[in-house]
Amino acid sequence: SASFTKDLKPGDTHADVKRLQQYLNAQGFTIATTGVGSKGKETNYFGLATKKALIKFQEAHKKEILTPSGLTKGTGTFGPSTRAFVNKAFATSF
């Protein structure tokens, strides 16, 4: 898979949102257990469920994602530090 190059935030509609949802679902940070956003039914829309899953992901990887930016809580936006962490993970595991 190609790496992520775009910042993503709630309200965005982009093909990368679907890839992000697929990644989060695969890593156990579930967007939804059934229906829209669930594994195999990811969408291009960055909604509240994606934000919540992303916050859990960011907080689970606090040392690598949040601490270097001086943050203690996940933001729910897919910005430079989260993107760099996920791209590094993609490069080594996919």
Side-chain angles (χ1 to χ4, degrees):
S1 284
S3 61
F4 290 93
T5 58
K6 183 175 172 36
D7 286 353
L8 301 167
K9 64 188 183 315
D12 285 352
T13 302
H14 192 274
D16 277 357
V17 174
K18 183 173 185 173
R19 290 178 53 231
L20 175 60
Q21 290 179 356
Q22 289 168 331
Y23 177 78
L24 290 171
N25 279 335
Q27 297 300 310
F29 297 90
T30 308
I31 308 297
T33 53
T34 59
V36 175
S38 64
K39 198 167 191 148
K41 295 183 181 168
E42 294 88 349
T43 71
N44 290 344
Y45 179 70
F46 194 132
L48 185 59
T50 304
K51 179 180 178 175
K52 286 180 176 179
L54 186 58
I55 288 171
K56 288 179 184 167
F57 176 81
Q58 290 169 328
E59 292 179 352
H61 300 285
K62 180 185 265 185
K63 187 175 63 137
E64 300 89 346
I65 297 171
L66 301 176
T67 305
S69 300
L71 299 169
T72 56
K73 296 228 177 270
T75 61
T77 60
F78 191 65
S81 60
T82 308
R83 206 173 61 236
F85 180 84
V86 170
N87 283 339
K88 186 176 178 184
F90 254 101
T92 58
S93 66
F94 287 91

Does I55 belong to the same Ile/Leu/Val/Met/Phe/Trp/Tyr cluster as F85, with side-chain heavy atoms less than 4.5 Å apart forming each link?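 No, it is not one cluster - the side chains of I55 and F85 are not joined through contacts under 4.5 Å.
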Rounded to the nearest 0.5 Å, how far does [atom2] of [Y] lie from [atom1] of [X]?
X   : Y   : atom1 : atom2 : result
L20 : N44 : CG    : CG    : 11.5 Å
T30 : K56 : OG1   : NZ    : 8.0 Å
I65 : L71 : CD1   : CG    : 10.5 Å
T50 : F57 : OG1   : CZ    : 13.5 Å
E42 : N25 : CD    : CG    : 5.0 Å

Any idea which heavy atoms bring [X] and [Y] closest together, and the distance?
X   : Y   : answer
A89 : Y23 : CB-OH, 3.4 Å
Q58 : T77 : NE2-O, 2.9 Å
K73 : E59 : CA-OE2, 3.5 Å
A32 : V36 : CB-O, 3.3 Å

Just wondering, do F78 and D12 contact through their side chains at under 4.5 Å, heavy atoms? no
Do the side chains of S38 and T33 get nearer than 4.5 Å, heavy atoms only?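 Sidechains of S38 and T33: no contact.
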Tell me the side chain to side chain donor-acceptor pair (under 3.5 Å) pairs involving residues 61-71, sequence neighbours left out?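 Residue pairs with at least one partner in residues 61-71: there are none.
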Against F46, only a single residue in D16, T13, L54 fulfils side chain to side chain contact (heavy atoms under 4.5 Å, CB included); can you say which?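 Only match with F46 under side chain to side chain contact (heavy atoms under 4.5 Å, CB included): L54.
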Let me see the working for I31 and L24 under side-chain contact (heavy atoms from CB on, under 4.5 Å), right down to the final yes or no. CA-CA 7 Å; I31 308 297; L24 290 171; 3.9 Å; yes
Can a donor-acceptor pair be found, under 3.5 Å and without considering hydrogens, that links the side chain of Q21 to the backbone of G37?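 Side chain of Q21 to backbone of G37: no pair is present.
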